[in-house]
Visitor: 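To start, I am sharing the structure in question, which I have written as structure tokens.
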Amino acid sequence: MSEEKSLNFLEEIIEADLASGKYKQIITRFPPEPNGYLHMGHATSICLNFGLTKKYGGYTNLRFDDTNPITEDTEYVESIKADIRWLGFEWKHELYASDYFETLYGFAVQLIQKGLAYVDDSTSEQIAAQKGTPTQPGINSPYRNRSVEENLQLFEAMRNGKYQDGEKVLRAKIDMAHPNMLMRDPLMYRIKHAHHHRTGDKWCIYPMYDFAHGQSDSIENITHSICTLEFVPHRELYDWFIAQLGIYPSHQYEFARRNLSYTVMSKRKLLQLVNEKLVAGWDDPRMPTISAMRRRGYLPESIRDFCDGIGVAKRENLVDIGLLEFYVRERLNKVALRRMVVFDPLKITITNFADETEWVETENNPEDPNAGLRTMPFSRELYIEREDFMEQPPKKYFRLAPGQMVRLKSAYIIQCNEVIKDAAGNVTELKCTYLPESKSGNDTSGIHVKGTLHWVSVAHAVPIEVRLYDRLFTVENVDAAEGNFKDYFNPKSLEVMHTVFAEPALQNANIAERYQFMRKGYFCLDKDSYPQKLIFNRTVGLKDTWAKEMKKA
RNA sequence: UGGGUUAUGGUGUAACGGUAGCACUACAGAUUUUGGUUCUGUCUGUCUAGGUUCGAAUCCUAGUAACCCAACCA
């Protein structure tokens, strides 16, 4: 019974740093760019960064990496904050890279003074051409040897708006033949006469990621700056700037971002789905965004469980979305209120039942005795699920069939006596009889049936709408599939059933509650609901071993 | 053809020179008034080839494969 959970590589680093006394507390940061909604990939980063400081003591800052005014907006700032809080985390300081623009400018001036940065008049194309390729060294810019004084003067003029966008840039002077492309005189500042969501029109030059991120980490005394693997080559530059500036040495550590099967995670692709109306918006429940998962009914605990469960490492991966669904079910099973809803109704008449309503008691959640009981109206005319009847049942079919008996959950055992069909031969109704002595909780019939069905009383049924969701794409590894990713969009990812029949208790459904429509899946009320029509999202289906069995046959 | 990162069952992740473990999935069974839940059991793995060692997933050598880097994006 060893409770020792093995550590991931970041925990090992942190424990070593703490043990050696390198740090007394650790400080991390979550650094989103406010140019889109957060998705499952961000959730893993959030759980990691906040989880680490929660575990080891210290804190996590929320820092918006807002160095590109063209793409950023406060709308995103608000949604990002809401998503982090919903996931259950709270940041120490809410910060913005733009808060540091003046400091960053000063850092740039220092580098110019040390002869480590210069203003370049080359065009974007010329710079690209000078850069070389991964296998060929680059060549120096003709502007590389300007004097410190001239660079200082030009950089100030850049700041003062003397130049148009793209006319000049500030570059670090490192080594145009460096094997790491990022060290070949990387850009530090570019000119953008654009309105910034926080600094307004104060600036017309903006720092690049590489000249903002590490310095921001340093300013905040971030001890462990955790990012994804594609930034590994940036680390050399990250360290270089910090070393040349002689500022607090934050360190960058990289992990492999998590990929999920049957979906896409890049902001660019998600934005395309939204813009091209393949989905209804960022929070369309099919999306892998946090806002979509919330709307769909996922519990934040499930997402945290998932992030813990998949761990963190440095190898490429494609996590089965079924694993996420497992954690979603696991949590929901414990809290969801059970309700009965018939999707595809088949009317049955209990011929020996009086023309009256009997209210039967049933539990709200067998997993939670505290959830209590409710009553359901049982009457002569009921709906059952059409798929719960077969005229010619296969072996081991425990549901209703001519002459066969089943229990109606929390009510009585019934037997099917007669099948009524229309002219086309479709089954339209069943005539059944019930066993009065078989009432749930009071069964003296001595009869044991294998099947138990959900049902609703025809006269009391509440029509509701349900929205059923399936995987967003038809292939497991969307990013690796040939051609355009949209070719693999799953046209059946949304199925709307406009009218299904719910037991009356669902009339009082509220958006905070989670429900299990018995034998159907987990559902939650959608915000699109209006007084005349309740709309439910299927969060995730139940495991269905019978369906699997039938598929095999 | 340069630099960097990574290789453990179907998937994800442990094992830090000493019995390849855990979770999901799959399969078989028990329980069940949800064909749900719960419980039990089973199958499947160390990229390849050499070497060091009493002993290698782990150390060494040589390969192989995948991913990242040539945005005035982050």
Side-chain angles (χ1 to χ4, degrees), chain A residues 5-8 12 31-33 35 65-68 70-71 120 123-124 127-129 131-138 165-171 177-184 187-192 206 208-210 212-213 227-236 254 256 258 261 267-268 309-327 329-330 333-334 338 340 362-363 366-367 396-399 406-411 413 438 440-441 443 448-454 476 516-521 541-550:
Chain A
K5 196 170 178 284
S6 53
L7 304 177
N8 65 50
E12 279 179 359
E33 186 188 9
N35 70 344
D65 228 332
D66 55 350
T67 57
N68 186 0
I70 314 280
T71 58
D120 195 335
T123 64
S124 165
I127 290 175
K131 194 139 202 171
T133 69
T135 51
Q136 288 169 316
D165 289 7
E167 220 178 311
K168 285 182 166 49
V169 291
L170 183 71
R171 299 176 72 177
H178 200 107
N180 180 350
M181 300 285 292
L182 281 154
M183 299 296 277
R184 322 241 260 229
L187 269 59
M188 294 166 59
Y189 270 90
R190 76 288 216 196
I191 300 170
K192 279 181 194 281
Y206 292 92
M208 299 287 291
Y209 165 85
D210 286 304
H213 203 101
C227 62
T228 47
L229 237 36
E230 62 267 30
F231 289 96
V232 169
H234 292 252
R235 189 176 61 229
E236 194 170 9
E254 311 87 7
R258 322 311 312 223
S261 63
K267 263 190 222 174
R268 201 195 93 245
I310 60 178
V312 49
K314 302 183 79 160
R315 66 184 88 104
E316 205 194 342
N317 60 79
L318 182 62
V319 184
D320 186 350
I321 199 163
L323 184 59
L324 173 58
E325 292 173 342
F326 163 79
Y327 288 112
R329 288 192 191 98
E330 191 184 43
N333 177 49
K334 297 192 181 106
R338 271 55 173 180
M340 295 198 212
T362 184
E363 50 197 345
E367 304 295 317
K396 293 207 288 188
Y397 185 81
F398 305 145
R399 281 112 98 142
V406 293
R407 173 170 294 281
L408 294 178
K409 171 74 183 170
S410 297
I413 291 174
S438 68
S440 281
D443 186 349
H448 176 75
V449 294
K450 292 202 104 168
T452 302
L453 309 185
H454 64 281
E476 219 180 355
Q516 185 198 100
F517 293 178
M518 296 193 81
R519 306 207 300 139
K520 284 298 186 185
L542 257 23
K543 263 177 66 180
D544 191 345
T545 30
W546 174 246
K548 204 190 291 174
E549 190 76 21
M550 294 308 284

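Sequence lines set the chain letters: A, B, ... in the order given, protein chains first and strands last, and positions in each chain run from 1.
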Visitor: Check this for me: does the side-chain of Glu476(A) come within 3.5 Å of the base of G10(B) through a donor and an acceptor?
Guide: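 Side chain to base: no pair below 3.5 Å.
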Visitor: Which of these, Arg171(A), Lys168(A), Lys131(A), Arg190(A), sits in a salt bridge (Lys or Arg N to Asp or Glu O under 4.0 Å) with Asp120(A)?
Guide: Arg171(A)
Visitor: Of Asn35(A) and Ala411(A), whose closest RNA chain B nucleotide lies nearer the 5' terminus?
Guide: Ala411(A)
Visitor: If you take all heavy atoms of Leu187(A) and Val169(A), which pair is closest and at what distance?
Guide: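 It is CD2-CG1, 3.9 Å.
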Visitor: Locate the shortest heavy-atom distance separating Leu229(A) from Lys314(A); write the atom from each residue and the value.
Guide: CD2-O, 3.1 Å
Visitor: For Tyr327(A) and A23(B), give me the distance from atom OH to atom P, rounded to whole Å.
Guide: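 Value for this atom pair: 10 Å.
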Visitor: Output the rounded distance in Å from CG (Leu453(A)) to P (G35(B)).
Guide: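 In whole Å, G35(B) P lies 8 Å from Leu453(A) CG.
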Visitor: Does Phe398(A) reach a base, just sugar-phosphate, or nothing at all? Heavy atoms under 4.0 Å.
Guide: base
Visitor: Reckon Tyr397(A) touches a base, only the sugar-phosphate, or nothing at all at heavy-atom distances under 4.0 Å?
Guide: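 Base, at least one base atom sits under 4.0 Å.
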Visitor: Between Ser6(A) and G21(B), does any side-chain N or O lie under 4.0 Å from OP1 or OP2?
Guide: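 No, Ser6(A) has no side-chain N/O under 4.0 Å of OP1/OP2 on G21(B).
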Visitor: Starting at NZ of Lys396(A) and ending at C1' of A28(B), how long is that distance when rounded to a whole Å?
Guide: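 Value for this atom pair: 11 Å.
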Visitor: Can you tell me if Thr135(A) touches the phosphate of G2(B), counting only side-chain N or O atoms and a distance under 4.0 Å to OP1 or OP2?
Guide: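 False: Thr135(A) side-chain N/O out of range (4.0 Å or more) of G2(B) OP1/OP2.
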Visitor: Has Arg190(A) got a side-chain N or O lying under 4.0 Å from the OP1 or OP2 atom of C73(B)?
Guide: yes
Visitor: I'd like to know if Gln516(A) reaches the base of U34(B) with its side chain, counting only an N/O donor and acceptor under 3.5 Å.
Guide: yes
Visitor: Give Leu182(A) one of three labels, base, sugar-phosphate or nothing, depending on what nucleic acid heavy atoms sit under 4.0 Å from its own.
Guide: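 Since no nucleic acid heavy atom lies under 4.0 Å of Leu182(A), the category is nothing.
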Visitor: Test for a donor-acceptor pair under 3.5 Å between the base of U34(B) and the side chain of Arg338(A), counting only N and O atoms.
Guide: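 Flag set: donor-acceptor pair detected.
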Visitor: Roughly how many Å is it from NZ in Lys548(A) to P in C27(B), rounded to a whole number?
Guide: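 Value for this atom pair: 5 Å.
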Visitor: To the nearest Å, give me how far apart CG (Leu542(A)) and C1' (G36(B)) are.
Guide: 5 Å
Visitor: Would you please say whether a donor-acceptor pair under 3.5 Å links the side chains of Arg338(A) and Thr362(A)?
Guide: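 No - no donor-acceptor pair under 3.5 Å links their side chains.
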Visitor: Using the six-membered ring wherever Trp is involved, compare the ring planes of Phe231(A) and Tyr209(A) and label them parallel, tilted or perpendicular (cut-offs 30° and 60°).
Guide: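 Ring orientation of Phe231(A) relative to Tyr209(A): tilted.
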Visitor: Just to be sure I understand the rule, does His234(A) reach a base, reach only the sugar-phosphate, or reach nothing, if contact means heavy atoms closer than 4.0 Å?
Guide: base
Visitor: State whether Arg315(A) places a side-chain N or O below 4.0 Å from either non-bridging phosphate oxygen (OP1 or OP2) of C47(B).
Guide: no
Visitor: Classify the side chain of Arg519(A) and the base of U34(B) as holding, or not holding, a donor-acceptor pair under 3.5 Å.
Guide: no
Visitor: Are the ring of Tyr209(A) and the six-membered base ring of A74(B) within the stacking cut-offs of under 5.5 Å and under 30°?
Guide: no
Visitor: Indicate, yes or no, whether a donor-acceptor pair under 3.5 Å links the base of G12(B) to the side chain of Arg258(A).
Guide: no
Visitor: Round to a whole Å and report the spacing from CG of Asp165(A) to P of C73(B).
Guide: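 One finds 10 Å between P of C73(B) and CG of Asp165(A), rounded.
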Visitor: Which one is paired to A65(B), where only Watson-Crick or G-U wobble pairs with both distances under 3.5 angstrom count?
Guide: U6(B)
Visitor: Using purine N1 to pyrimidine N3 plus N6-O4 or O6-N4 for Watson-Crick, or N1-O2 and O6-N3 for G-U wobble, each under 3.5 Å, what pairs with C39(B)?
Guide: G29(B)
